There are 4 protein chains.
Amino acid sequence: MSRRSGEQAAASRPPRGIPEETRDRLITAAARQFNRFGFHGTDSNSIAKEAGYAAGTFYKHFRNKREVFLVVYERWLAAEWKEVDDELSQVKNAEKTARRIVALVIRFHTEWSGLRASLMELVFSDPEVRKFFRRQRRRQLDHIMELRSRLRLPLQTSEEDAIFMCMTERVFDAIGQGEIQSLGLDQHVVIESIVERLHALLE
Amino acid sequence: MSRRSGEQAAASRPPRGIPEETRDRLITAAARQFNRFGFHGTDSNSIAKEAGYAAGTFYKHFRNKREVFLVVYERWLAAEWKEVDDELSQVKNAEKTARRIVALVIRFHTEWSGLRASLMELVFSDPEVRKFFRRQRRRQLDHIMELRSRLRLPLQTSEEDAIFMCMTERVFDAIGQGEIQSLGLDQHVVIESIVERLHALLE
Amino acid sequence: MSRRSGEQAAASRPPRGIPEETRDRLITAAARQFNRFGFHGTDSNSIAKEAGYAAGTFYKHFRNKREVFLVVYERWLAAEWKEVDDELSQVKNAEKTARRIVALVIRFHTEWSGLRASLMELVFSDPEVRKFFRRQRRRQLDHIMELRSRLRLPLQTSEEDAIFMCMTERVFDAIGQGEIQSLGLDQHVVIESIVERLHALLE
Amino acid sequence: MSRRSGEQAAASRPPRGIPEETRDRLITAAARQFNRFGFHGTDSNSIAKEAGYAAGTFYKHFRNKREVFLVVYERWLAAEWKEVDDELSQVKNAEKTARRIVALVIRFHTEWSGLRASLMELVFSDPEVRKFFRRQRRRQLDHIMELRSRLRLPLQTSEEDAIFMCMTERVFDAIGQGEIQSLGLDQHVVIESIVERLHALLE
DNA sequence: CATGAATGAGCCTTCATTCAT
DNA sequence: AATGAATGAAGGCTCATTCAT
């Protein structure tokens, strides 16, 4: 978990910026660092620095390190679901859609595998993160139900959805974190199996 | 520090014990704490204290905190596989065996869910842990191959094994960490699905 | 910082007010916070906020936190002496006057006990505050001398005044800060003793 | 509130000292710094440094900065009362004893005036300190009662004791903090007045 | 083998103050 | 006159690790 330096940005930014932009830069920097070094390997001062701000600025926008983490996670999740929704909104060929959704989710879980690893640990070790995580889960299930009715897909219980979601998500993590590859194996088969399962749900 | 600490454990231990026993007590204490508070939430001094030793003793037996973690994990894995092997060595009814193995693995993943969560995070954030983890994986795959030939089970590629292992393990984690239950759902279906898949491999 | 803060006060204030009013509101807010949380427990941003202004406004009216503190103290002292003077300007019955003065001073020291406690500490730790405090003291002694000649009271040295002032003030602090009561005792006796001493000076 | 440096001691001390001695050095250094710079002007790292230790050592002996402060105060109080008791244990001439006690108490309040100023402020701003302070007060009153019966002195209610204690203590503070002198006055009169009052209690 | 006092780098967080708008 | 985003020094506290005994 090596450290970096880099202190170049500060000069090129107006001393009185738009809060939303500052917040945004901080979130982006935080996301990068959490993903690279993990939650415990990232310190709030260096997030601020990478975003081009002083240490104190961080705490004008977030109560603490955990709060940014949650925001980062929320944003990540929203981005993922946005792409999934976009894909679903133009379904023509169910199999092709399933394949594209799986591909994009894997992309997300690969690119943000560090974030995912930290999340899983924090869900265990930090009650606040756990609470937040579970609220998000609920929201996702509701969203899926809504999607299904909108797209006139075959009905399924929320339980079945949850199971499918948990299972596949964990498997996406395994792929994203390189577990399959690290054993020198082809992950095509797993992907194909998930594509099939998703395909079945889409028609 | 003179008043606060209670040294209750110290009495039940030989003042100059057998090294192996000391080590053992340290590992046990470490396992408990890692599982309860996570790797980052556990401090080495308190492991030593819980085991009934002074802070320095810990470092006579382990190079650092990571090293115990690895030993704890190794021991955990060995215990799990021992039970799995025991189960397999007396196969009569394949389905029943599959069901029992799934049950015992879930038991392990539930009882040690904190350890698992920390492991996943460290595999990402700590290169040493990652290396160790992957070596273990290899060993497991080899062990499965060996089991199969010993038990004259139908052949399967190591790839298929790996996929099965990764996927199910992640799902066991999800169960052990209470994700399914926390959504208020019955996890019976997932378990049944895994039992079936395992059953298929056993005959 | 976008969600948490509530800006309730802002409405009741002209957006570009008379400087003196702004200053006044800041002083009032500062007084309240110093009295509640102490000098070190109060932050300048929150004074501005309570007064209905932005952080920077505070520093347009005061050089620093200490400066408002001094102004607050000065104002407090002036208010106290105003009431004392009012009482003295209509002396008919010396004993009754003594009693009323003691009562009002105790009221001041009780209502502003937090301010007093902070003052005492700053007089010690901050040379500027000390200097200011001593100048005020001088002024008080001069004022007493002047009062005496105006009211044709029996002469007394400035030393005797100073001693009386210091001693009684400290005792008023003790009462105001609840030291007597916290020991479960009746503070009537102390008060009576001071009333008597003051009475003696008034005729 | 200027800062000092000085880092010479560390080498001349055994790396494995007696805890009680370490604690003692820390308390002594803390007392000095609190007395010079006030509670808020003192930082725990520099206490450790002045005592000849690293920052962490401080926290092996005290839970936090407040805790040392309380210990320092307790020790200060004990030392004062020890001298008072010693004086009382050999009473021959009541007046002379009264005079000597007043002198020694003034010495304590002068030498430790900074500590006293900080104490008064913390009693107001910190609930824990307040609680502690009040417990000590109770103890002092009990001690006085006990002394009186041991020395066969004229009876007096605990209330009268409390009042006497509060009042005189505050006046000692005023003397110790130089309030009398700073007004260019002779504090002899005050002292004499207190001596008399104490004298009256001793026979 | 075991002790346990000591280390010290480093992290999180606060807050008085500034300055361009 | 007022704003409020930004600063950055500083301080409390933790904890993995060492080493003389």
Side-chain angles (χ1 to χ4, degrees), chain A residues 3 10 13-19 21-23 40-46 48-49 52-66, chain B residues 1 13-19 22 40 42-49 52-66, chain C residues 1 5 13-19 21-23 40 42-49 52-66, chain D residues 3 10 13-19 21-23 40 42-46 48-49 52-66:
Chain A
R3 298 272 76 193
R13 177 180 43 74
R16 172 80 178 273
I18 298 139
E21 280 182 12
T22 299
R23 193 181 151 84
H40 298 290
T42 295
D43 82 282
S44 62
N45 283 26
S46 102
K49 195 186 237 174
Y53 295 92
T57 303
F58 179 92
Y59 289 91
K60 287 271 190 258
H61 292 268
F62 308 99
R63 252 200 303 278
N64 50 44
K65 208 170 71 158
R66 178 176 57 213
Chain B
M1 191 114 292
R13 156 184 71 79
R16 199 188 181 95
I18 301 136
T22 299
H40 297 290
T42 294
D43 87 284
S44 62
N45 285 23
S46 118
I47 291 172
K49 195 188 220 170
Y53 296 91
T57 304
F58 180 91
Y59 288 88
K60 286 281 188 258
H61 291 266
F62 307 100
R63 252 202 308 280
N64 51 43
K65 207 169 76 160
R66 179 175 58 213
Chain C
M1 190 116 292
S5 49
R13 154 184 70 78
R16 198 188 182 94
I18 301 138
E21 280 186 7
T22 299
R23 197 181 147 85
H40 297 291
T42 294
D43 87 285
S44 62
N45 284 25
S46 117
I47 291 174
K49 194 188 219 171
Y53 295 92
T57 305
F58 180 91
Y59 288 89
K60 286 280 186 259
H61 291 266
F62 307 100
R63 251 201 310 279
N64 51 44
K65 207 169 78 160
R66 178 174 60 213
Chain D
R3 299 272 75 193
R13 176 180 44 75
R16 172 78 179 272
I18 298 138
E21 279 182 12
T22 299
R23 193 183 150 84
H40 298 290
T42 295
D43 81 282
S44 62
N45 285 25
S46 100
K49 196 186 237 174
Y53 296 92
T57 302
F58 180 91
Y59 289 91
K60 287 269 190 260
H61 292 268
F62 308 100
R63 252 200 303 279
N64 50 45
K65 208 169 73 158
R66 179 175 57 213

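Every chain is numbered from 1, with letters handed out A, B, ... down the list of sequences. Computed from a predicted model, the values in this text were never measured in an experiment.
Backbone-only engagement by B:H61 is indicated by non-hydrogen atom pairs under 4.0 Å involving sugar-phosphate atoms exclusively. Here B:S46 lies out of heavy-atom contact (under 4.0 Å) with every strand.
Closest heavy-atom contact between C:A55 and C:A48: CA-CB, 4.0 Å. The shortest non-hydrogen separation linking C:H40 to C:K65 is CA-NZ, 4.2 Å. The two atoms that bring C:R23 and C:H61 nearest to each other are NH1-O, 3.3 Å, heavy atoms only. Residues C:Y59 and C:N64 share a closest heavy-atom pair of CE2-CA, 3.9 Å.
Taking 4.0 angstrom as the limit, B:T57 places none of its side-chain polar atoms (N or O) nearer than this to OP1 or OP2 of E:dC1. Phosphate contact (OP1/OP2 of E:dA16, side-chain N/O of C:S44, threshold under 4.0 Å): present. Phosphate proximity of E:dC12 to A:K65: present, with a side-chain N or O under 4.0 Å from OP1 or OP2. Note on A:Y59: a side-chain N or O is less than 4.0 Å away from OP1 or OP2 of E:dT13.
Distance, B:F62 CZ to F:dT18 P: 15 Å, rounded to whole Å. Note: CG (B:N64) to C1' (F:dT18) measures 13 Å, nearest angstrom. In this structure, D:R66 places its CZ atom 16 Å from C1' of F:dG11, rounding to the nearest Å. Distance D:K60 NZ to F:dG12 C1': 15 Å, rounded to the nearest Å. In this structure, OH of A:Y53 is placed 5 Å from P of F:dA6, rounded to the nearest angstrom. Between D:D43 atom CG and F:dC13 atom P the separation is 11 Å, expressed in whole Å.
A donor and an acceptor atom sit less than 3.5 Å apart, one in the side chain of D:N45 and one in the base of F:dC13.
Between D:I18 and A:H40, the residue anchored closer to the 5' end of DNA chain E is D:I18, taking for each the nucleotide with the nearest heavy atom. Between A:F58 and C:A55, it is A:F58 whose nearest contact on DNA chain E lies nearer the 5' terminus.
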Which string of ( ) [ ] | and . matches DNA chain F, if you list each base 5' to 3' and count Watson-Crick or G-U pairs only when both distances are under 3.5 Å?
-> .||||||||||||||||||||
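The backbone N or O of A:P19 lies less than 3.5 Å from no partner atom in the side chain of A:K60, so there is not a single donor-acceptor pair.
The CD1 atom of B:I47 sits 7.5 Å away from the CG atom of B:D43 when rounded to the nearest 0.5 Å.
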